[in-house]
Amino acid sequence: MRIATYNTELSRKGPGLLLRDILSGKDEQVAAVVQVIVRADPDIVLLQGIDYDHGGVTLAALAGALSRAGADYPFRFALRPNSGQRTGLDHDGDGHTDGARDAQGFGRYPGQGGMALLSRYPVETGGVRDFSGLLWADLPGAELPRADGTLFPGAALYAVQRLSSVGHWDVPVRVGERTLHLLAFHATPPVFDGPEDRNGLRNRDELRLWARYLEGALPGPPPPGRGFVVLGDANLDPADGDGRSAAMAAFLSDPRLHDPLPRSAGGAAAANAAHQGDPALDTADWDDAGPGNLRVDYVLPSADLTVAGAGVFWPAPGAEGHEAALAASRHRLVWVDLAPGG
């Protein structure tokens with residue numbers, strides 16, 4: 001069984017525009033995303049950067065495009081993301097309350113840049129646990145941003161500020177006689193802030209949410225002790241780039257998890273000379289004048305599961321699929337194969 005995560009970056013600047021582009025059949029980015037998914041052929045794929053609508057029309061249209069290309073996903077799941085949900089408060093300290101950053105998560109409109117799950121296995125929707133409403137201040141051990149010794153930009157914000165910039169879900173999927181729990185998330189980039197490091201601290205705590213959940217420190221039923229996969233876009237590299245890399249390195253070394261170290265020839269060929277990490281592990285192709293290429297997208301099975309293979313869909317230059325990977329998104333699809341029964 002192949003499980004994947006993929007930040008498609010398909011999000012558009014207005015509601016309905018992504019649906020328009022999918023239905024047109026002429027959008028080059030949509031076509032490239034479809035090609036990447038079809039080539040990688042995951043059985044389950046968590047998508048980020050796909051705009052949400054209440055009826056699931058956009059996700060259904062994408063699934064239809066995939067089906068026509070030869071990849072059928074009869075089971076689909078999405079929840080309303082935090083992105084774009086306005087609070088009427090100033091979130092970034094610029095004195096305004098109506099910007100894209102003045103929402104529970106960055107977004108020009110509600111639902112921009114959401115998450116969605118496509119699966120060939122049934123999703124047990126009645127067992128889904130959604131942690132997206134958890135207040136940042138309520139995370140055990142949360143570190144909130146401060147400036148001059150006081151909460152930034154003001155204490156009132158943290159009475160409503162959710163931790164998840166997009167979402168955190170525990171989604172059970174039925175695989176034969178077993179249930180596999182998918183711990184899905186998309187964290188905020190740890191940049192675009194000031195010395196208070198609001199986004200850097202939030203990014204780290206979005207990762208910490210899963211550690212606290214696995215420890216049983218969050219309210220509600222106990223977490224799955226085995227048979228789970230943490231997957232999504234953490235926007236955090238364990239060695240390079242902005243952000244609090246030590247948190248990612250610590251999470252990857254958690255004995256409850258297995259890091260399959262997925263690699264690609266394309267990542268190795270696009271190495272950044274100044275980086276410390278192995279470029280073959282990179283999953284995002286950013287401008288070298290900025291952060292450069294980083295490892296930020298992850299599929300991390302629980303330690304009890306048997307990994308049969310792993311990789312990043314980033315073919316070497318000139319190889320089949322290379323141009324599609326570049327045209328689709330700055331992120332690359334990351335996949336892990338789990339052995340049957342293990």
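Please read these numbers as outputs of a predicted model, since none were measured by experiment. In this chain, residues are counted from 1 in sequence order. Values below: every heavy atom of this structure, side chains too, minus hydrogens, waters and symmetry copies.
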Within the distance-only criterion (no hydrogens, no angle test), does the side chain of Asn272 pair as donor or acceptor with the backbone N or O of Ala274 below 3.5 angstrom? no
Side-chain heavy atoms of Pro140 within contact of Leu218, under 4.5 Å: yes
Minimum heavy-atom separation for Arg101 and Phe106, please, with both atom names. CG-CD1, 3.6 Å
According to the ring-ring contact (aromatic ring centres under 6.0 Å, His included) rule, which pairs have a member within residues 149-182, sequence neighbours left out? Phe77-Trp169, Trp136-Tyr158, His168-Phe185, His168-Trp210
What about Tyr6 and Leu62, same hydrophobic cluster or not, with Ile/Leu/Val/Met/Phe/Trp/Tyr joined at side-chain heavy-atom distances under 4.5 Å? yes
Atom OG1 in Thr5, atom CG in Leu333: separation rounded to 0.5 Å? 7.5 Å
Between Glu206 (side chain only) and Ser165 (backbone N and O only), is there a donor and an acceptor less than 3.5 Å apart? yes
Report yes if some heavy atom in the side chain of Pro224 is under 4.5 Å from a heavy atom in the side chain of Asp170; otherwise report no. yes
Is a donor on one side and an acceptor on the other found under 3.5 Å between the side chain of Asp90 and the backbone of Gly93? yes
Gln104 (side chain) donor-acceptor with Ser83 (main chain) under 3.5 angstrom: no
So which atom in Asp53 and which in Gly56 form the shortest heavy-atom distance, rounded to 0.1 Å? OD1-N, 2.8 Å
Between Thr283 and Asp297 the two heavy atoms that sit nearest each other are OG1-OD2, 2.6 Å
Side chains of Ile22 and Leu10 in contact at under 4.5 Å (non-hydrogen atoms): no
Exactly one of Asp259, Asp233, Asp282 should register a salt bridge (charged side-chain N to carboxylate O under 4.0 Å, His left out) with Arg295. Which one does? Asp259
I need the Leu209 CG to Leu139 CG distance, nearest 0.5 Å. 5.5 Å
Can you give me the closest heavy-atom contact between Tyr121 and Ser119, atom names plus distance? O-OG, 2.7 Å
If two hydrophobic side chains count as joined below 4.5 Å and joins carry through other members, does Val45 share a cluster with Met1? no
So is Arg120 actually on top of Phe75's ring, under 6.0 Å and inside 45° of the axis? no
Does Arg174 use its side chain to pair, donor to acceptor, with the backbone of Leu180 at less than 3.5 Å? no
Got a donor-acceptor contact below 3.5 angstrom from the Asp193 side chain to the Arg198 backbone? yes
Rounded at 0.5 Å granularity, tell me how far CZ in Arg12 sits from CG in Leu17. 8.0 Å
Ion pair present between Asp205 and Arg208, side-chain N to carboxylate O less than 4.0 angstrom? yes
Under 3.5 Å, is there a donor-acceptor pair between the Asp51 and Ser11 side chains? yes
Show your reasoning for whether salt bridge (charged side-chain N to carboxylate O under 4.0 Å, His left out) applies to Arg2 and Asp43. CA-CA 5 Å; Arg2 177 164 292 183; Asp43 296 297; over 6 Å; no
Could you pull out the closest heavy-atom pair between Leu23 and Ala61, with the gap in Å? CD2-CB, 4.0 Å
In the single-linkage hydrophobic clustering (I, L, V, M, F, W, Y; side-chain heavy atoms under 4.5 Å), do Leu326 and Phe313 co-cluster? no
Does Glu320 offer a backbone N or O that forms a donor-acceptor pair with the side chain of Arg39 under 3.5 Å? no
Heavy-atom distance under 4.5 Å between the side chains of Arg146 and Glu196, does that happen here? no
Would you say the side chain of Leu117 lies within less than 4.5 Å of the side chain of Leu46, judging by non-hydrogen atoms? yes
Grab the two heavy atoms, one from Asn203 and one from Ala187, that are nearest each other, plus how far apart they are. ND2-CB, 3.8 Å
Is the backbone of Pro291 close enough, under 3.5 Å, to the side chain of His275 for a donor and an acceptor to pair up by distance? yes
Hydrophobic cluster membership, Leu182 vs Leu338, 4.5 Å side-chain cutoff: yes
For the residue pair Asn199 and Pro189, establish whether any side-chain heavy-atom pair is separated by less than 4.5 Å. no
In the structure I gave you, are the side-chain heavy atoms of Met115 and Leu79 within less than 4.5 Å of one another anywhere? no
Measuring from Trp314:CH2 to Asn293:CG, what's the distance to the nearest 0.5 Å? 4.0 Å
Is there a donor-acceptor pair closer than 3.5 Å between any side-chain N or O of Gln85 and the backbone N or O of Arg80? no
Taking the side chain from Gln35 and the backbone from Ala69, do they hold a donor-acceptor pair closer than 3.5 Å? no
Check the surroundings of atom CD in Glu28: do more than 12 heavy atoms from other residues, nucleotides or ligands lie under 6.0 Å from it? no
Supply the atom-to-atom distance Leu300 CG to Asp254 CG, rounded to the nearest 0.5 angstrom. 9.5 Å
So how far is it from Leu118 CG to Leu59 CG, rounded to the nearest 0.5 Å? 5.5 Å
Should Ile37 and Leu47 be marked as a side-chain contact (heavy atoms from CB on, under 4.5 Å) after you check the CA-CA gap, both sets of side-chain angles, and the distance that decides it? CA-CA 10 Å; Ile37 295 173; Leu47 306 176; 4.1 Å; yes
With a 4.5 Å heavy-atom cut-off, do Gln48 and His331 have their side chains touching? no
Scan side-chain atoms only and decide if Asp237 and Ser245 contain a donor-acceptor pair under the 3.5 Å cut-off. no
Should Val175 and Phe228 be counted in the same cluster of Ile, Leu, Val, Met, Phe, Trp and Tyr side chains packed under 4.5 Å apart? no
When you look at Leu252 and Leu257, which way does the side-chain contact (heavy atoms from CB on, under 4.5 Å) test go after all the steps? CA-CA 7 Å; Leu252 292 174; Leu257 301 173; over 6 Å; no
Should Arg226 and Leu305 be marked as a side-chain contact (heavy atoms from CB on, under 4.5 Å) after you check the CA-CA gap, both sets of side-chain angles, and the distance that decides it? CA-CA 8 Å; Arg226 50 190 289 121; Leu305 297 175; over 6 Å; no
